[in-house]
Amino acid sequence: MQEPTHSAGQTMKRPGAMREALINLAILLLLVGVAIAAHLAGQGFTVTLATKVAILALAGVGLNLALGYGGMISFGHAAFFGIGGYVTGILASHAADGTPVFTLPFTVMGSNDMLGIWPMAMLVAGAAAGLIGALSLRTKGVYFIMVTLAFAQMIFYFALSWSRYGGEDGLSFYVRNNFPGMNTFDPIQYFAICAGLLALALLLTAMITQSRYGLALQAVRQNSLRAAAVGIRPYAIRLTAFVLSGMLTGLAGSLYADLNRFVSPAMLSWHMSGEIMVLVILGGVGRLCGPVAGAAIFILLEHLLGGVSEYWQALLGLLLLVIVLFSPGGLIGILTGRARHG
């Protein structure tokens with residue numbers, strides 16, 4: 001008697017899951033379509049806006065792994081975003097000067113090769129996430145939020161006083177880094193790079209969340225005591241997710257620095273942490289393409305209303321309030337008409 005009930009339950013869930021998958025695909029195709037249409041119309045600025053959406057969405061995908069699937073409300077992800085940016089800027093500036101980044105205990109030279117910069121940015125951001133996570137995950141609730149914020153602010157003030165790399169004025173490296181076979185100065189080609197990495201990050205997130213580890217992570221989010229009772233180690237599970245989250249956010253920071261050919265302490269500020277969290281909430285916490293939808297809304301509002309009034313973020317705050325109160329599932333939740341599972 002149990003088997004028909006289980007099958008019926010699967011039948012009930014499948015249409016909603018299929019609808020969300022189609023909406024996710026539509027969102028990605030819309031982003032790509034806007035960039036291609038803008039390129040054909042000769043509107044390079046619009047292509048750059050689409051690129052910025054893809055980069056911020058990638059940062060949101062990183063945060064969503066910790067926040068949406070792991071239940072870790074981090075207000076310090078700007079630290080990883082900024083670290084990725086600074087690694088990129090420092091390597092690019094030393095490559096232009098022909099000087100080593102450091103010589104002890106071994107020599108590391110600068111680089112303007114994206115395929116060499118990205119792993120370094122992810123490695124350093126992941127190491128920072130491992131250190132911050134190892135300490136902050138010993139706390140819970142508001143204490144966890146404050147510890148992650150405190151670490152991010154420490155790194156922010158360090159960058160602010162780091163005169164070797166521009167201090168509060170930031171660091172310009174003028175020439176965008178190279179990618180084999182592509183002209184990274186061409187807006188549509190750089191968009192293709194960023195959109196491709198976003199697609200890979202979404203695929204990785206989907207694979208993680210549907211794996212045994214992903215199920216364990218969501219079990220820990222729902223009830224860590226019950227998860228521990230069946231042999232799952234909540235601390236290790238959360239720390240792994242936090243490190244992966246930091247690495248993806250660091251990659252986004254690297255792309256953002258290359259987009260602007262500039263990095264500054266602003267990338268490390270709590271405002272940036274807030275922006276990344278806002279776009280995740282707008283699109284839908286725990287939704288695969290929630291960060292993409294949220295980033296698109298955020299950039300659209302910034303572009304359309306930023307020139308009208310400097311107080312455009314008041315409307316963003318009102319929209320965020322409405323979503324939190326009436327649609328916790330964000331834009332994806334409104335479109336699918338169902339709550340997030342788990």
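Treat the numbers as computed from the prediction; the structure is a model and nothing was measured. Any value given below was found using the heavy atoms of this structure, including those in side chains, with hydrogens, waters and symmetry copies removed.
The ring of Tyr157 has its center no closer than 6.0 angstrom to the ring center of Trp162. No close placement of the Phe158 and Tyr86 rings is indicated, their centers lying 6.0 Å or farther apart. Between His94 and Tyr165, the ring center distance clears the sub-6.0 Å criterion.
Shortest non-hydrogen contact noted between Ser254 and Ala121 is CB-CB, 4.0 Å. Counting all heavy atoms, side chain and backbone alike, Val220 lies closest to Arg238 at CG1-NE, 3.4 Å. Contact record, Ala128 with Ile83: CB-CD1, 3.5 Å, taken as the closest heavy-atom pair. In terms of heavy atoms, Ile155 sits closest to Ala79 at CD1-CB, 3.9 Å.
Ser273 and His77 share no donor-acceptor pair across their side chains, judged by distance under 3.5 Å alone.
Annotation: side chain of Leu137 is in contact with side chain of Met72 (closest heavy-atom distance under 4.5 Å).
Applying the 6.0 Å contact sphere to CH2 of Trp270 captures no more than 12 heavy atoms from other residues, nucleotides or ligands. More than 12 heavy atoms of other residues, nucleotides or ligands lie within 6.0 Å of CZ in Phe102, so this atom counts as buried by the packing criterion. Surrounding CE of Met207 are at most 12 heavy atoms belonging to other residues, nucleotides or ligands under 6.0 Å away.
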Exercise for review: Step by step, work out the side chain to side chain contact (heavy atoms under 4.5 Å, CB included) result for Val147 and Ile132.
Suggested key: CA-CA 8 Å; Val147 171; Ile132 293 173; 5.7 Å; no
Point to revise | Full working for side chain to side chain contact (heavy atoms under 4.5 Å, CB included) between Phe75 and Phe151 | key: CA-CA 10 Å; Phe75 213 73; Phe151 272 110; over 6 Å; no
Point to revise | Criterion side chain to side chain contact (heavy atoms under 4.5 Å, CB included) on Thr51 and Ile55, from CA distance to verdict | key: CA-CA 6 Å; Thr51 304; Ile55 293 172; 4.0 Å; yes
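No path of Ile, Leu, Val, Met, Phe, Trp and Tyr side chains, each step under 4.5 Å between heavy atoms, connects Val285 with Leu325, placing them in separate hydrophobic clusters. Put simply, Leu30 and Ile188 are part of two different groups of oily side chains (I, L, V, M, F, W, Y) that touch within less than 4.5 Å, one to the next.
With respect to Asn177, the side chain to side chain donor-acceptor pair (under 3.5 Å) criterion is satisfied by exactly one of Asn112, Asp258, Thr88, Asp113: Asp258. Considering Leu335, Ile332, Val292, Leu202 as possible partners of Asn24, the one that fulfils the side chain to side chain contact (heavy atoms under 4.5 Å, CB included) test is Ile332.
Sorted pairs that involve residues 182-236 and meet ring pair (Phe, Tyr, Trp, His ring centres under 6.0 Å), not counting sequence neighbours, are lacking altogether.
Remark: side-chain polar atoms of Arg176 are paired, donor with acceptor, to backbone N or O of Leu259 under 3.5 angstrom. Distance alone, capped at 3.5 Å, is enough to place a donor-acceptor pair between the Arg261 side chain and the Tyr174 backbone. Looking only at distances, a side-chain donor or acceptor of Arg138 sits under 3.5 Å from a matching main-chain atom of Ala134.
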